[in-house]
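Worth knowing before you read on, the calculation uses all heavy atoms, side chains too, and leaves out hydrogens, waters and symmetry mates. What you see is a predicted model; the values in this text were computed from it and never measured.
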Amino acid sequence: MARHAESPLFGFPHTPAYDHTQHAPLYLLILLPGFISLGMAVAFAPMREVALVSLVSGIGLLVIASTVHHLRIVDEDAMLAIRYGPLPLLRKRIRYADIQTAEADRTSLIDGWGIHYVPARGWTYNLWGLDCVRCRLTNGRTIRIGTDDPSGLAEFLQQRISQG
């Protein structure tokens, strides 16, 4: 179900009860145009404006690709952390005390991939595929967490919620 690794939390070691990383080929769809854009920057070097736009675009695409290489969901003692990476620009933490229910579900096409809000459906944190865990929060909001381990994550969250 989960890989266990020690990580420091406020100076004290914490062994996560849940730690799962989903890998997806989405970053390849962004990486290729990034490298093409960098190649265009070199090819059009004499045309400074074109080269500059290509260089900035290529670097931007490479940064985006490095943020969506994988999605890691990990227990952080009192919170569930959702982290895109390896470049840790996109992340979210949810306190277990704020989760009312958690169940395996499927996203729809309107939910898509990435991080976004859809009115009447809530927030979605997804990398690839349609499998997710739908969490209803105590404030009435919904968060969908995309994963290739929906039953394992839902079971873990239900255990944490019942321990309350």
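- Classified by interplanar angle (parallel below 30°, tilted 30° to 60°, perpendicular above 60°), the ring pair Y96/F156 is perpendicular.
- Proximity of D75 to R160: side-chain heavy atoms (C-beta onward) are separated by under 4.5 Å at one or more points.
- In this structure a side-chain-to-backbone donor-acceptor pair under 3.5 Å is missing from S37 to P33.
- Between A102 and V133, the shortest heavy-atom distance links the atoms CB-CG1, 4.1 Å.
- Between E103 and Q158, the shortest heavy-atom contact is CA-NE2, 4.2 Å.
- The distance from the CH2 atom of W123 to the CD1 atom of I94 is 12.0 Å, given to the nearest 0.5 Å.
- You'll find the side chain of L71 reaches within 4.5 Å of the side chain of I82, heavy atoms only.
- A pairwise comparison of heavy atoms in T67 and Y84 identifies O-CB, 3.0 Å as the closest pair.
- Summarising the geometry, atom OG belonging to S151 is positioned 9.0 Å from atom CG belonging to D131; distances are rounded to the nearest 0.5 Å.
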Does L157 form a side chain to side chain contact (heavy atoms under 4.5 Å, CB included) with C135? I'd like the steps, not just the answer.
CA-CA 9 Å; L157 289 173; C135 299; 3.8 Å; yes

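- In this structure, a donor-acceptor pair under 3.5 Å is present between the side chains of H20 and D148.
- Note that CG of L80 is 12.0 Å distant from CG of D98, once rounded to the nearest 0.5 Å.
- Within the model, atoms CD of Q100 and OG1 of T142 stand 10.0 Å from one another, a figure rounded to the nearest 0.5 Å.
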